[in-house]
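Each remark here refers to the structure printed beneath this line.
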Amino acid sequence: MSVPVRVRIAPSPTGDPHVGTAYIGLLNYCFARHHGGKFVLRIEDTDQQRCSEASAQAIYASLKWLGLVYDEGPDVGGERGPYVQSERVKLGMYQRYAEQLIEQGDAYYCFCTARELDAMKARQRANNEPIMYDRRHRGADLAESRARVAKGEPYVIRLKVPLEGEHVYKDRLRKLPVAKGWKEIDDQVLLKSDGWPTYHLAAVVDDHLMGITHVIRAEEWLNSLPKHTLLNQKLGFTPPEYVHVGLLRNADKSKISKRKNPTNLLWYREQGFLPEALVNFLATLGHSHPDGREKFTLDELVSVFDLDRINVAGPVFDLVKLKNLQGQYFRELSPERMRAEVHRAVDARFDKLLPLVKERMVVGGDFIWQAEPFYADSVTHHVEDLVPKGWDKVQTKTMLEQLQQALKQFAAGEGSQWDAPSLEALIRGLMESRSQVPEGATDEARAAAQLWQNKPVFMALRVAATGKRESPPLFDTLAVLGSTKTLERLGLAQQKLR
RNA sequence: GCUCCCAUCGUCUAGAGGCCUAGGACACCAGAUUUUCAUUCUGGCGACACGAGUUCGAAUCUCGUUGGGAGUACCA
C-alpha cells in the first residue's frame with residue numbers, strides 16, 4: 001500500500017491574495033481529493049518586512065470562497081502544526097537543521113556584508129560574468145567562524161553546493177529529465193542574519209515535517225530544485241515528488257502581473273464573479289477534461305483529475321473567456337441565488353451613490369434609472385445630446401479630446417486625488433486657458449475660444465460621462481464614476497462623433 | 001550575459017507514429033430566432049514555428065535553429 005497523498009500550498013502573505021495561488025491551490029486540491037489524501041495550507045511568512053497578518057486572513061477567506069477547503073492550516077489546525085512559519089521560527093524548528101548542516105560540513109558561516117555583496121555583483125556585472133556569490137567564506141575554519149559568531153558578529157549560513165557534477169531530475173510533466181550543472185548553483189543562504197530561515201530551508205524542512213508527498217508548484221521554482229534536492233539529501237529526508245507546472249501569463253506571455261491583469265482574488269469576488277466559474281476557468285487553463293468538456297464542477301474535476309494531464313506550457317489568462325463562462329454560470333443560478341447576487345452587486349455601490357442621486361428621487365424606484373450610468377459597464381451616446389448648441393461635431397470632438405487628455409494626465413499624476421474639488425479645479429482651469437483669446441489671434445481662434453463657456457462644455461462632458469442630459473452634479477458624478485470609466489466613456493463619445 | 005523550461009487556430013486546448021484533408025471551446029464574421037439588445041441555434045474564418053534526421057509512415061520520437069518564458073536576492 002502506498003503512502004497516503006499529502007500536498008500543500010504555501011503562499012506568502014504579501015499583498016492581495018493572488019490568482020496564481022488559487023491556480024496552484026486548485027491543482028493541489030484536486031490531486032489530494034482524487035487520491036483521498038490531505039490538502040494542507042501553510043503560510044510562508046519568513047520575510048518579516050513584507051508579510052502581514054491581514055494578508056494571511058485574506059488568503060484564508062479567498063480559498064474558502066473558492067471552495068478549496070484545506071484539511072490542515074493555520075485557522076483550522078492539524079497534527080503537523082503550527083502552519084505558519086513565523087510561529088515555527090519561534091519554536092526553533094529551522095535553526096537546528098541549519099546547525100546540523102554546519103556540523104556535517106554541508107553548510108558554513110558567511111560574514112559578508114550587504115555592501116560587500118553588492119560590490120561583488122557590480123564587478124561581475126561589469127565583467128559580464130555570471131552573478132554569483134564567490135564563496136569566499138566557504139573554506140574558513142569552523143572553529144574560527146564559531147568564534148566570530150560567539151563575538152556577536154552578524155552572519156548568515158550558506159549551503160555548501162557541490163562544485164562539479166550535475167543534478168538530474170525527471171519531472172513527470174516533462175519528457176526529458178531536467179539536468180543542471182552544480183557549478184551553476186549558488187551557495188544559497190539558508191539562515192538569514194536575522195536568524196530566520198530563507199524559503200529554501202523552511203520549505204524543505206516543513207515539507208518533510210508535514211509529511212508532504214508531492215510538491216506541485218509553479219515553474220519559477222524549477223531553477224532552485226537542485227538546492228531542494230540537495231537539502232533533502234543532506235538532511236536525510238525522503239524527498240517529496242516535485243512537479244512543476246507552467247506559470248499563468250499575461251496576453252504578452254510574460255508572467256501574470258497586476259499591471260496587466262486582475263490578479264487580486266478579492267477583486268473577482270467584488271466584481272460578482274462566481275467562485276464556481278472562476279474555479280472552472282482556472283481548471284481549463286492547465287488541465288483538460290478527458291471527455292473534452294469545458295464546463296464542470298469542482299467535484300467533477302476531482303473525479304477525473306490526473307496529474308499527467310496538466311499542460312506544462314504557461315497558459316495566457318484570458319479574461320474574455322472567463323466572462324463567457326461566468327455568464328453561463330450566472331444565468332443558471334436559482335432565482336434565490338440570483339436575487340442574492342443582484343442585491344450584492346447593487347449594495348456594493350449603494351451607499352456611495354444614494355447621497356448623489358437622492359435629490360432627484362421622488363420614490364424608491366427612481367434609484368434604478370438615476371443610478372444606472374454608475375452601474376453600467378458602458379453607455380450609449382446620442383450625437384444630438386453630445387453636441388452643444390452652436391457647436392459642430394468636430395469642435396465637440398476636439399473639446400472632449402482636450403478634456404480627456406487633461407483628465408488622463410491628472411489621473412496618472414503622482415498623488416492626484418480623483419475627487420470632486422480637484423476635478424472641478426482642473427476642468428475650470430482648463431476652460432480658463434481655452435477661453436483666453438491671445439493677442440493678435442485670428443478670427444477663427446477667437447471664435448473657438450468663445451465657445452468655451454460653462455454651459456455647453458459641462459453639458460457635453462456630462463453626456464459623454466453618463467450618456468444622459470440629466471445627472472447629479474457633474475464633478476461629483478465624475479468623481480464617483482472613477483477615472484477608468486470616465487476616460488473610457490470620453491473616448492467612446494469621441495468615436496461617436498467621427 | 002549565464003542557466004533552465006516551453007512551442008498545435010488570436011486565446012485555452014484535444015492529439016501519446018498511421019483513426020488528422022488536425023477535433024472542441026472562447027473571440028471574430030455571417031445567417032436564423034428575438035420589436036431592440038442579450039441568450040439560443042446554424043454556418044464560416046482560422047494552427048501543427050522552421051530545418052534536418054529516425055521510420056514504409058511524424059503534429060506526435062531525436063538533434064539543431066528561431067521565438068517565447070523563468071531563474072540568476074539575507075523575496076517567496
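Throughout, protein chains are lettered first and strands after them, A, B, ... in sequence-line order, and every chain is numbered starting at 1.
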For this session: Could you tell me if the ring centre of A/Tyr97 sits under 6.0 Å from that of A/Phe237?
Result: yes
Exercise. Where the side chain of A/Asn324 is defined as all heavy atoms beyond and including C-beta, which of B/rA25, B/rA27, B/rU39 is the nearest nucleotide?
Worked result: B/rA27
For this session: Could you tell me how the ring of A/Phe317 sits relative to the ring of A/Tyr268: parallel (under 30°), tilted (30 to 60°) or perpendicular (over 60°)?
Result: perpendicular
Problem set entry | Under 3.5 Å donor-acceptor pair, A/Lys321 side-chain atoms to B/rC12 base atoms | yes
For this session: Would you classify A/Ser193 as touching base, sugar-phosphate or nothing, given that sugar-phosphate means primed atoms plus P, OP1 and OP2, and contacts are heavy atoms under 4.0 Å?
Result: base
Problem set entry | Candidates A/His137, A/Lys160, A/Arg136, A/Arg138 - the one meeting side chain to side chain donor-acceptor pair (under 3.5 Å) with A/Asp187 | A/Arg138
For this session: Could you please spell out the steps behind the side chain to side chain donor-acceptor pair (under 3.5 Å) verdict for A/Tyr83 and A/Glu72?
Result: CA-CA 8 Å; A/Tyr83 293 89; A/Glu72 300 168 29; 2.5 Å; yes
For this session: Rounded off to whole Å, could you give me the NZ-to-P distance for the A/Lys180 and B/rC5 pair?
Result: 8 Å
Seminar exercise, completed: Looking only at B/rA73, B/rU3, B/rG71, the nucleotide nearest the A/Lys255 side chain is B/rG71
Problem set entry | A/Met132 CE - B/rC4 P separation (whole Å) | 13 Å
Exercise. Is a donor on one side and an acceptor on the other found under 3.5 Å between the side chain of A/Arg489 and the backbone of A/Ala465?
Worked result: yes
Problem set entry | Gap in Å between the two P atoms, one belonging to B/rG31 and one to B/rG17, rounded | 44 Å
Exercise. Can you list, by residue number, the residues of residues 6-30 of chain A that have a non-hydrogen atom closer than 4.0 angstrom to RNA chain B?
Worked result: A/Ser12
For this session: Name every residue in residues 147-161 of chain A that has at least one heavy atom under 4.0 Å from any atom of RNA chain B, in order of residue number, or write none if there are no such residues.
Result: A/Val156, A/Arg158
For this session: Using atom types as modelled and distance alone, determine if a side-chain donor or acceptor of A/Asp141 lies under 3.5 Å from a backbone N or O of A/Glu144.
Result: yes
Exercise. Which value, in whole Å, describes the distance between the P atoms of nucleotides B/rU54 and B/rU60?
Worked result: 15 Å
Exercise. Does one side chain, of A/Asp252 or A/Ser254, offer a donor that lies under 3.5 Å from an acceptor on the other?
Worked result: yes
Exercise. Does the side chain of A/Lys183 get closer than 4.0 angstrom to OP1 or OP2 of B/rU3 through an N or O atom?
Worked result: no
For this session: Assign A/Arg125 to base, sugar-phosphate, or nothing according to its heavy-atom contacts below 4.0 angstrom with the strands shown.
Result: nothing
For this session: Starting from the C-alpha separation in whole Å, work towards a yes-or-no answer on side chain to side chain contact (heavy atoms under 4.5 Å, CB included) for A/Val40 and A/Val7.
Result: CA-CA 6 Å; A/Val40 178; A/Val7 295; over 6 Å; no
For this session: Evaluate whether atom NZ of A/Lys170 has more than 12 neighbouring non-hydrogen atoms of other residues, nucleotides or ligands under 6.0 angstrom away.
Result: yes
For this session: Tell me which residues in residues 212-226 of chain A put a heavy atom below 4.0 Å from RNA chain B, sorted by number, or none.
Result: A/Glu219, A/Glu220, A/Trp221, A/Leu222, A/Asn223
Exercise. Counting only side-chain N and O atoms of A/Lys253, is one of them less than 4.0 Å from OP1 or OP2 of B/rA70?
Worked result: no
For this session: Over 60° means perpendicular and under 30° means parallel, so classify the ring planes of A/Tyr199 and A/Trp221, tilted if in between.
Result: parallel
For this session: Measure from the side chain of A/Val312, starting at C-beta and using heavy atoms only, and say which of B/rC74, B/rC6, B/rG69 lies closest.
Result: B/rC6
Seminar exercise, completed: Checking B/rC12, B/rA14, B/rC6 against the side chain of A/Ala313 (C-beta onward), the nearest is B/rC6
Exercise. Given side chains that start at C-beta, do those of A/Tyr155 and A/Arg148 come closer than 4.5 Å, heavy atoms only?
Worked result: no
Exercise. Where along residues 41-50 of chain A does a heavy atom come under 4.0 Å from RNA chain B, residue by residue in number order?
Worked result: A/Glu44, A/Thr46, A/Asp47, A/Arg50
Problem set entry | Nearest-nucleotide 5' precedence on RNA chain B, A/Asp186 against A/Val178 | A/Val178
Problem set entry | Touch class at under 4.0 angstrom, heavy-atom based, for A/Lys175 against every strand present | sugar-phosphate
Exercise. Which part of the nucleic acid, if any, lies within contact of A/Leu176, taking any heavy atom under 4.0 Å across all strands shown: a base, the sugar-phosphate backbone alone, or nothing?
Worked result: sugar-phosphate
Problem set entry | P-based separation of B/rC56 from B/rA49 [nearest Å] | 25 Å
Seminar exercise, completed: From NZ of A/Lys227 across to C1' of B/rU72 the rounded distance in Å is 8 Å
Exercise. Are A/Asp171 and A/Tyr242 linked by a side-chain donor-acceptor pair shorter than 3.5 Å?
Worked result: no
Exercise. Is the A/Tyr70-A/Tyr29 ring centre distance short of 6.0 angstrom?
Worked result: no
Problem set entry | Integer angstrom distance from the C1' of B/rC50 to that of B/rA7 | 12 Å
For this session: Residues of residues 106-119 of chain A with any non-hydrogen atom less than 4.0 angstrom from an atom of RNA chain B: list those, numerically ordered, please.
Result: A/Cys112, A/Leu117
Problem set entry | Distance, rounded to the nearest Å, where A/Asn127 contributes CG and B/rG1 contributes C1' | 12 Å
Exercise. Under 3.5 Å, is there a donor-acceptor pair between the side chain of A/Gln104 and the main chain of A/Lys234?
Worked result: yes
Problem set entry | Contact check, side chains of A/His18 and A/Asn264, non-hydrogen atoms, under 4.5 Å | no
For this session: Provide the distance between the two P atoms, one in B/rG64 and one in B/rU3, to the nearest whole Å.
Result: 13 Å
For this session: Take atom P in B/rU21 and the same atom in B/rA59, then report the distance between them in whole Å.
Result: 9 Å
Exercise. Per the atom types in the model, does the base of B/rA73 pair as donor or acceptor with the side chain of A/Lys121 at under 3.5 Å?
Worked result: no
Exercise. Between B/rG46 and B/rU11, how far is it from one C1' atom to the other, in whole Å?
Worked result: 12 Å
Exercise. Which residue lies toward the 5' end of RNA chain B, A/His200 or A/Arg331, if each is placed at its nearest nucleotide?
Worked result: A/Arg331
Problem set entry | Chi angles and distances behind the side chain to side chain donor-acceptor pair (under 3.5 Å) call for A/Thr213, A/Arg6 | CA-CA 5 Å; A/Thr213 56; A/Arg6 285 177 62 84; over 6 Å; no
Problem set entry | Distance in angstrom units between A/Glu294 CD and B/rG23 P, rounded | 15 Å
Problem set entry | Test log, rule side chain to side chain donor-acceptor pair (under 3.5 Å), inputs A/Asp16 and A/Thr263 | CA-CA 8 Å; A/Asp16 296 320; A/Thr263 57; over 6 Å; no
Problem set entry | Test item: A/Ser12 side-chain N/O and A/Thr14 main-chain N/O as donor-acceptor pair under 3.5 Å | no
Exercise. How many Å lie between CD on A/Gln326 and P on B/rA38, as a whole number?
Worked result: 19 Å
Exercise. What is the distance from NE2 of A/His228 to P of B/rG71, rounded to the nearest Å?
Worked result: 14 Å
For this session: Identify whether any heavy atom of A/Arg174 sits under 4.0 Å from a base atom; if not, whether one sits that close to sugar-phosphate; answer base, sugar-phosphate or nothing.
Result: sugar-phosphate
Problem set entry | Pairwise P distance for B/rC12 and B/rU35, with rounding to whole Å | 39 Å
Problem set entry | Residue pairs passing the salt bridge (Lys or Arg N to Asp or Glu O under 4.0 Å) test where at least one lies in residues 49-66 of chain A, sequence neighbours excluded | A/Asp47-A/Arg50, A/Lys64-A/Asp75
For this session: Ignoring the backbone of A/Val316, work out which of B/rA73, B/rC75, B/rU11 is nearest its side chain.
Result: B/rU11
